[in-house]
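Accompanying notes for the structure given below.
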Amino acid sequence: MGTCVVKLEDLIVFLETENLSTDAMCSFDVIEHIYDMEGFLKECKDIPGKNLRLILGSGANERNPIIKRVLQKGHYSFENTDRPNVFGHKQRDSLLSFLKIRWDILLAYNPKLDIESIKTLALGTRGLRKEDILACVDDFEKTGKLNYVPNHPTNTCDPLSGNWNEQLMDPLWLKSILETQGFAVRVLPGFWGDGVVLYKTGFKIMLNMMIKYSGAFALTFAPYYVIYADRNDHQNKL
């Protein structure tokens, strides 16, 4: 089965061309896979619709230490280990380790690079897709050093597609980006639902109580977070 990928800029052009107005854009477990998340959020300001509301949920909750630890183990695995082609695998996703893919990209782009340079570039460009990796190679050849530094200790993406492997992001950072684009933003903690299996039902109830009453620390116990954003002009009319 093929995969249809629509860029936000293409959607915006379509909406403007058809003179359509947007009331809401909702997603869950999507934003942690977007390659340029900052650029995506800044582009949201161009979505037509004076009453626009964004509801963006993610289970990659960096503020929850248990979830963070589990996802970081996954980052390490995808970065360093090849995967078998099992049932349910999406054809757009690579099976080779992301480090091996970056190594192959570097060798194909410049076979004259020495082994130490390839090692430096392959390790140091974690979190970049192919075109940005190649830009780092060009800069490396001019300056003799790698000027890019990953902004997270484990986050990694497929170098061929830019699809992040459950990218851990601070939801308050996402909030600040949207606020600079004219949105009134709240970050809401999710609750543990009936479909989630925990050691004891009472433990789930206790966690939900802690989420409900712990204020600014609620995200520490939450299984997911939701970015809830309204355009400021709409917010002022409510």
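With no hydrogens or angles considered, a side-chain donor-acceptor pair links Asn110 and Glu141 at under 3.5 Å. A donor-acceptor contact closer than 3.5 angstrom links the side chains of His152 and Glu62. A donor atom on one side chain and an acceptor atom on the other are not found under 3.5 Å apart for Ser97 and Asn80.
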_Derivation and outcome, side chain to side chain contact (heavy atoms under 4.5 Å, CB included), residues Leu174 and Leu41_ = CA-CA 8 Å; Leu174 303 178; Leu41 292 179; 3.8 Å; yes
*Working for side chain to side chain contact (heavy atoms under 4.5 Å, CB included), residues Trp164 and Ile34*: CA-CA 7 Å; Trp164 287 96; Ile34 296 174; 5.8 Å; no
*From CA spacing to verdict: side-chain hydrogen bond (donor to acceptor under 3.5 Å, both in side chains), Thr156, Asn165*: CA-CA 6 Å; Thr156 187; Asn165 176 251; over 6 Å; no
_side chain to side chain contact (heavy atoms under 4.5 Å, CB included) between Leu8 and Leu11, intermediate numbers included_ = CA-CA 5 Å; Leu8 182 57; Leu11 176 61; 4.2 Å; yes
_side chain to side chain contact (heavy atoms under 4.5 Å, CB included) evaluation trace for Thr125 with Cys136_ = CA-CA 8 Å; Thr125 55; Cys136 284; 4.1 Å; yes
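A distance of 8.0 Å separates CD of Glu32 from OG of Ser27, quoted to the nearest 0.5 Å. To the nearest 0.5 Å, atoms CG (Leu56) and SG (Cys44) are separated by 6.5 Å. The CG atom of Leu146 lies 10.0 Å from the CG atom of Leu123; values are rounded to the nearest 0.5 Å. Here Met25 contributes atom CE and Leu52 contributes atom CG; the two are 7.0 Å apart, rounded to the nearest 0.5 Å. Expressed to the nearest 0.5 Å, how far CZ of Arg126 lies from CG of Leu121 amounts to 14.5 Å. Between the NE2 atom of His33 and the CD atom of Gln167 there is a distance of 10.0 Å, given to the nearest 0.5 Å.
Between the side chain of Thr22 and the main chain of Ala24, no donor-acceptor pair closer than 3.5 Å is present. A donor-acceptor pair is defined here as one N or O able to donate and one able to accept, closer than 3.5 Å; such a pair exists between the side chain of Arg231 and the backbone of Gly49. Remark: the backbone N or O of Gly59 is paired with a side-chain donor or acceptor of Asp29 at under 3.5 angstrom. Checked by atom type and distance alone, the side chain of Arg69 never pairs as donor or acceptor with a backbone atom of Asn64 at under 3.5 Å. Proximity of a side-chain donor or acceptor of Arg53 to a complementary backbone N or O of Asn51 within less than 3.5 Å is not detected. Side-chain atoms of Thr81 never come within 3.5 Å of backbone atoms of Phe78 as a donor-acceptor pair (strictly under, hydrogens ignored). Looking only at distances, a side-chain donor or acceptor of Thr143 sits under 3.5 Å from a matching main-chain atom of Lys145. The main-chain N or O of Trp192 is found under 3.5 Å from a side-chain atom of Asn208 such that the two form a donor-acceptor pair. Proximity of a side-chain donor or acceptor of Ser77 to a complementary backbone N or O of Lys73 within less than 3.5 Å is not detected. Arg186 places no side-chain N or O within donor-acceptor distance of the main-chain N or O of Lys175, the cut-off being under 3.5 Å.
Nearest heavy-atom pair across Pro84 and Leu95 is O-CD2, 3.6 Å. Taking each heavy atom of Leu128 and Ile133 in turn, the nearest pair found is O-CD1, 3.5 Å. In terms of heavy atoms, Pro223 sits closest to Gly190 at CD-O, 3.3 Å. Heavy atoms only, all atoms of each residue included: Arg83 and Phe98 are closest at NH2-CE2, 3.8 Å. Considering every non-hydrogen atom in both Asp46 and Glu16, the closest pair reads O-OE2, 4.1 Å. For Ser94 against Asp158, the heavy-atom pair with the smallest separation is OG-OD2, 2.8 Å.
Listed by chain and residue number, Lys42 satisfy the side-chain hydrogen bond (donor to acceptor under 3.5 Å, both in side chains) test with Glu38 (two or more places apart in sequence, or in another chain). Annotation: ring pair (Phe, Tyr, Trp, His ring centres under 6.0 Å) contacts of Phe221 (sequence neighbours excluded): none. Residues meeting the ring pair (Phe, Tyr, Trp, His ring centres under 6.0 Å) test with Tyr76, sequence neighbours left out: none. Checked against side-chain hydrogen bond (donor to acceptor under 3.5 Å, both in side chains), Asp104 has the following partners two or more places apart in sequence or in another chain: Lys100.
Within a 6.0 Å sphere centred on CG of Asp114, other residues, nucleotides and ligands contribute more than 12 heavy atoms. Other residues, nucleotides and ligands place more than 12 heavy atoms under 6.0 Å from the NZ atom of Lys45. Under a cut-off of 6.0 angstrom, the local environment of CG in Asn19 is sparse, with at most 12 non-hydrogen atoms contributed by other residues, nucleotides or ligands.
Taking the side chain as every heavy atom from C-beta outward, Arg63 and Pro171 approach each other to under 4.5 Å. Side-chain contact between Ser176 and Val185 is absent, with no heavy-atom pair separated by less than 4.5 Å. Side-chain contact between His75 and Gln72 is present, with heavy atoms from C-beta onward closer than 4.5 Å. Two residues are said to be in side-chain contact when any heavy atoms from C-beta on lie closer than 4.5 Å; Leu160 and Ile101 meet this criterion. Contact annotation: the side chain of Ile105 approaches that of Pro159 to within less than 4.5 Å [non-hydrogen atoms, C-beta and beyond]. The shortest side-chain heavy-atom distance between Phe217 and Met210 does not fall under the 4.5 Å cut-off. Between Lys7 and Glu43, the closest side-chain pair of non-hydrogen atoms is not below 4.5 Å.
Transitive grouping of hydrophobic side chains (ILVMFWY, heavy atoms separated by less than 4.5 Å) keeps Leu219 and Ile66 in distinct clusters. The cluster map of Ile, Leu, Val, Met, Phe, Trp and Tyr, joined by side-chain heavy atoms under 4.5 Å apart, puts Leu99 and Phe140 in different clusters. In terms of hydrophobic clustering, with Ile, Leu, Val, Met, Phe, Trp and Tyr side chains grouped at heavy-atom distances under 4.5 Å, Tyr225 and Leu168 are assigned to different clusters. Under the 4.5 Å side-chain heavy-atom criterion for Ile, Leu, Val, Met, Phe, Trp and Tyr, Ile177 and Met37 are members of the same hydrophobic cluster. Under the 4.5 Å side-chain heavy-atom criterion for Ile, Leu, Val, Met, Phe, Trp and Tyr, Leu207 and Ile67 are members of distinct hydrophobic clusters.
Every pair passing side-chain hydrogen bond (donor to acceptor under 3.5 Å, both in side chains) that includes a residue from residues 130-139 is listed here, sequence neighbours excluded: Tyr35-Asp132, Tyr109-Asp138, Arg129-Glu131, Asp139-Asn147.
In this structure, Tyr224 belongs to a hydrophobic cluster whose other members, linked by side-chain heavy atoms under 4.5 Å apart, are Phe28, Ile55, Leu188, Val226, Tyr228.
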